[in-house]
Amino acid sequence: HKTPNTHIIIIHDKPMSKGLLDFIREQSTHNRLYSIKGSVLDDNTLVRADTVKAKACFILANKKTKNPNEEDAKNILRAFSVKNHSQTAVKIYAQVMLPENKLLMEQLGAHFVVCVTELKWKILAKTCSCKGFSTLISNMYKNNTTPKCEKDSWLYEYLRGVEYEIYDVVFPQHSYGLHFRDYSMQL
């Protein structure tokens, strides 16, 4: 949102699903988003995407894969291909499925690596010490709307709470140290 001149390019080797296309159309970035059919392992595709000017590259894992180790191996190759092709220090943000492959991706030079399995385990572990944590996280992750139900039922109260989302906001330096009440009065 802060860089309106930034272009977003999705490189894919399979047709995009209707759900992904609908998601893209709903985003405020849809007029800066481009889709290129090809593979990041192919230099011609990387040239078409102009990756030498890229500031960042996001490599996402297929979470529905039947072979997570193979998926990680493919993503490590993809990261290597982008890093090798880029003439600048492009920041690579990557997902891996298995914890044992996280270190390999980091050693390759990925700026930030998220292990999907580790993330699931950490959320589950936190839920053991903080009941409802996984529900809170999943509710923030999904955008829901409240279906019709009786207003004085527990379900209504729960679904109403699900409608709220958390946003990351950078506050100006002059607001540091102010109480919320005082800062909201300035707005």
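Each residue takes its place number in the sequence, starting with 1. Computed over heavy atoms, backbone and side chain alike; hydrogens, waters and symmetry mates excluded.
- Separating the CG atom in N101 from the OG1 atom in T117 is a distance of 9.5 Å, to the nearest 0.5 Å.
- Here the CD1 atom belonging to I92 is positioned 12.5 Å from the CD atom belonging to E106, to the nearest 0.5 angstrom.
- Checking side-chain atoms of H179 against main-chain N and O of R181 turns up no donor-acceptor pair under 3.5 Å.
- A distance-only check finds a donor-acceptor pair linking the side chain of T127 to the backbone of S134 [under 3.5 Å].
- Counting all heavy atoms, side chain and backbone alike, L108 lies closest to A79 at CD2-CB, 3.3 Å.
- Side chain of K63 to main chain of A61: a donor-acceptor pair is present (N/O by atom type, distance under 3.5 Å, no hydrogens or angles).
- Listed by first then second residue, pairs satisfying ring pair (Phe, Tyr, Trp, His ring centres under 6.0 Å) with a partner in residues 99-134 read Y93-H111, not counting sequence neighbours.
- The number of heavy atoms from other shown groups lying within 6.0 Å of NZ (K37) is above 12.
- Counting only distance, with no hydrogens or angles, the side chain of E71 and the backbone of N62 share a donor-acceptor pair below 3.5 Å.
- Closest non-hydrogen pair, K83 versus G109, comes out as NZ-O, 3.8 Å.
- Heavy-atom minimum distance, I11 versus A49: CD1-CB, 3.7 Å.
- Shown here for E118 and K102, the closest heavy-atom pair between the two residues is OE1-NZ, 3.2 Å.
- In this structure, NZ in K126 is found 13.0 Å from CG in L124, a value given to the nearest 0.5 Å.
- A continuous path of Ile, Leu, Val, Met, Phe, Trp and Tyr side chains, each step under 4.5 Å between heavy atoms, connects V82 with Y34, placing both in one hydrophobic cluster.
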Q. Does the pair K55 and K91 meet the rule for a side-chain contact (heavy atoms from CB on, under 4.5 Å), with working shown?
A. CA-CA 6 Å; K55 297 208 182 341; K91 290 184 179 180; over 6 Å; no
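- At a threshold of 4.5 Å between non-hydrogen side-chain atoms, the residues Q95 and I59 do not count as touching.
- When all heavy atoms of P99 and C115 are compared, the closest pair comes out as N-SG, 3.4 Å.
- Criterion: ILVMFWY side-chain heavy atoms under 4.5 Å apart, direct or through other members. Under it, L103 and F80 are not part of a common hydrophobic cluster.
- Interatomic distance, NZ of K53 versus OG of S86, reported as 12.5 Å (0.5 Å rounding).
- In the hydrophobic clustering (ILVMFWY side chains linked at under 4.5 Å, chained through shared members), V116 is joined by M97, L98.
- Connection of L77 to V40 is not established within any shared hydrophobic cluster, with ILVMFWY side chains joined at heavy-atom distances below 4.5 Å, either directly or through further cluster members.
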Q: Kindly determine whether V47 and T45 satisfy side-chain contact (heavy atoms from CB on, under 4.5 Å), including the steps that lead there.
A: CA-CA 5 Å; V47 168; T45 302; over 6 Å; no
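- Between the side chain of R78 and the main chain of L60, no donor-acceptor pair closer than 3.5 Å is present.
- The distance from atom CD of E70 to atom CG of N75, rounded to the nearest 0.5 Å, is 11.0 Å.
- Under a hydrophobic clustering in which Ile, Leu, Val, Met, Phe, Trp and Tyr are joined whenever their side-chain heavy atoms come within less than 4.5 Å, directly or via other members, L46 and V90 fall into the same cluster.
- Here Q107 contributes atom CD and I76 contributes atom CD1; the two are 9.5 Å apart, rounded to the nearest 0.5 Å.
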